[in-house]
Every structure is written in structure tokens, then in C-alpha cells.
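When a ligand or atom number is given, it counts from 1 through the structure's own listing order.
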Amino acid sequence: MDFSTLSKERRSIRNYLDKKVDRELIDKCLDVALLAPSARNSQPWKFIVIDEEQVLSKIKECTSDDDYHLNLFTRNAPAMVAVVNEGLNYMPTNRGKMKGDDYSKSDVGAAIAMFCLKAAELSLGTCIIGSFDAKSVKELLGIPENKGLDLMITIGYPADDKIATKVCKQRENSVSYNKY
Ligand SMILES: Cc1cc2nc3c(=O)[nH]c(=O)nc-3n(C[C@H](O)[C@H](O)[C@H](O)COP(=O)(O)O)c2cc1C
């Protein structure tokens with residue numbers, strides 16, 4: 001699939017087959033995500049794959065309980081990925097040159113986008129989720145308190161052949177040349 005087609009085909013998938021995803025495939029998505037651009041090549045991410053039923057079921061409670069009913073669908077995901085934001089952690093080679101601006105949230109977003117695109121290429125469905133009980137997920141996974149956890153990803157085999165057509169904003173609202 002060429003890249004433009006892949007970009008069109010990638011959609012958020014919230015309904016999954018009851019089928020495990022091989023770690024080998026998830027690793028392929030991670031291989032691509034780890035190549036994402038980041039400010040000063042800081043790579044401020046850590047991906048924690050959750051695919052063991054015991055851990056997964058506890059995590060799903062944090063993503064799908066009453067307060068997070070928007071994400072009830074996470075209950076049928078065969079695997080999830082917690083994307084830790086390591087914050088400002090520039091490589092030693094870059095330390096001297098840094099202004100100190102924290103671009104880590106953007107960096108993590110870029111890596112997640114690449115992860116999801118690679119998954120789509122492998123016929124896997126993903127959905128990024130931002131609404132969940134991050135404090136509890138951090139506790140369960142042993143993520144240090146001072147690290148960020150804004151986003152998780154569900155991943156699995158799509159259960160539906162078709163999903164609703166994507167509604168995009170009018171192009172002129174999102175793009176201009178040489179002025180706002
Ligand atoms: C930062 C971020 C947070 C998101 N959080 C959620 C979420 O909590 N629950 C959910 O169902 N979808 C979530 N999404 C998915 C968006 O709803 C989805 O990307 C958007 O509607 C566009 O649809 P598409 O991904 O199929 O193109 C999130 C996406 C992003 C980028």
C-alpha cells in the first residue's frame with residue numbers, strides 16, 4: 001500500500017476480533033515508532049506493551065469504568081500500549097545546546113502516529129485513547145510518578161469490514177499558504 005492510501009485507510013478501530021496479536025507484529029509497529037522525529041532527537045518515550053491477560057484486565061478497568069465510559073470498547077482489545085512521556089531527557093550530546101523547551105508531548109504524538117500507521121499497514125486496528133485513569137495505570141505498571149502518561153493505544157484485528165467515512169474539515173480551514 002502506498003503511503004497516501006495507507007494514511008487514508010488508517011482509522012481509529014474500536015471493535016476487535018477475539019484474537020491475540022503476535023508480539024512480532026507489535027514489535028514491527030514499535031520499530032517504526034522508535035524512528036519518529038523528536039526535538040533534539042530526545043526520543044522521550046517509553047512504550048509498555050500490555051498483552052498478558054492478568055495485567056490487561058486490570059488496565060481495562062482503568063480505561064473503561066464508569067468515569068471513562070467513552071472507552072468501554074477497550075474491554076475487547078487484545079492488547080494495549082501505554083506510552084510513557086519521559087519528559088525532558090535530551091541525550092548527553094545535546095544537553096549543552098538546549099533552551100529547555102519541553103516538546104515531549106509533540107514527540108510522543110509523532111511516535112504514536114507512526115505506530116498506528118505501521119499497524120494499519122499490517123492490517124491491525126488501533127485507537128489512541130486519552131481518557132483514562134492515568135494515576136491507576138501508572139501504579140499498576142510501576143511507572144514512576146514523575147513520568148507522564150497522557151496516551152494509550154489499543155491494538156487488535158478489526159472486527160468490522162467497513163467503518164464510517166471520515167469527516168474532514170474543509171481544506172481551506174486547515175491549510176493556507178503564506179498567511180493565516
Ligand atoms: C490525543 C488523542 C486522544 C484520543 N483519545 C480518544 C479516546 O479517549 N477515546 C476514543 O475513542 N478515541 C480517542 N481518540 C481517537 C480520535 O477520536 C480519532 O483519532 C478521531 O476521531 C479521528 O478518527 P480516525 O482516527 O478514525 O481518523 C484520540 C485521538 C487522539 C489523537
Task: Contact with ligand 1 for F73, non-hydrogen, under 4.0 angstrom - done: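 Contact check F73 vs ligand 1: positive.
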Open item on the list: Closer than 4.0 Å and a protein heavy atom, does any atom meet both conditions relative to atom 20 (C) of ligand 1?
Closed with: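 Within 4.0 Å of atom 20 (C) of ligand 1, no protein heavy atoms are found.
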TODO: Identify which of K166, R11, R14 has a heavy atom lying nearest to atom 16 (C) of ligand 1.
DONE: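 Answer by nearest heavy atom: R14.
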Open item on the list: So, taking the atom named CG in N85 and the one named CG in D150, what distance separates them when rounded to the nearest 0.5 Å?
Closed with: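 Rounded to the nearest 0.5 Å, the CG-CG separation comes to 6.0 Å.
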TODO: Measure the CD1-OG1 distance between I128 and T126 for me, rounded to the nearest 0.5 Å.
DONE: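 The CD1 atom of I128 sits 6.5 Å away from the OG1 atom of T126.
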Can you list the atoms of ligand 1 that are under 4.0 Å from a heavy atom of [X]?
X: N71; value: 7 (C), 8 (O), 9 (N), 10 (C), 11 (O)
X: I129; value: 5 (N), 6 (C), 7 (C), 8 (O), 9 (N)
X: C127; value: 10 (C), 11 (O), 12 (N)

- [ ] Apply the side chain to side chain contact (heavy atoms under 4.5 Å, CB included) test between L149 and each candidate in L141, I48, I143; give the one that qualifies.
- [x]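 Result for side chain to side chain contact (heavy atoms under 4.5 Å, CB included) with L149: I143.
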Open item on the list: Under 4.0 Å between a side-chain nitrogen and a carboxylate oxygen: does that hold for K58 and E61?
Closed with: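 No, no charged N to carboxylate O under 4.0 Å.
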TODO: Verify whether one side chain among D2 and T5 offers a donor that lies under 3.5 Å from an acceptor in the other.
DONE: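 Result is yes, a qualifying pair exists.
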Open item on the list: Within the 3.5 Å criterion, strictly below it, is a donor on Y157 or S123 matched to an acceptor on the partner's side chain?
Closed with: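 The criterion, which ignores hydrogens and geometry beyond distance, is not satisfied for S123 and Y157.
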Give me the residue, atom name and distance of the protein heavy atom closest to [atom].
atom: atom 18 (C) of ligand 1; answer: S12 OG, 3.4 Å
atom: atom 1 (C) of ligand 1; answer: L151 CD2, 3.6 Å
atom: atom 5 (N) of ligand 1; answer: G130 N, 3.0 Å
atom: atom 6 (C) of ligand 1; answer: I128 O, 3.1 Å

TODO: Check step by step if side chain to side chain contact (heavy atoms under 4.5 Å, CB included) holds for V137 and M152.
DONE: CA-CA 10 Å; V137 174; M152 297 185 72; 4.1 Å; yes
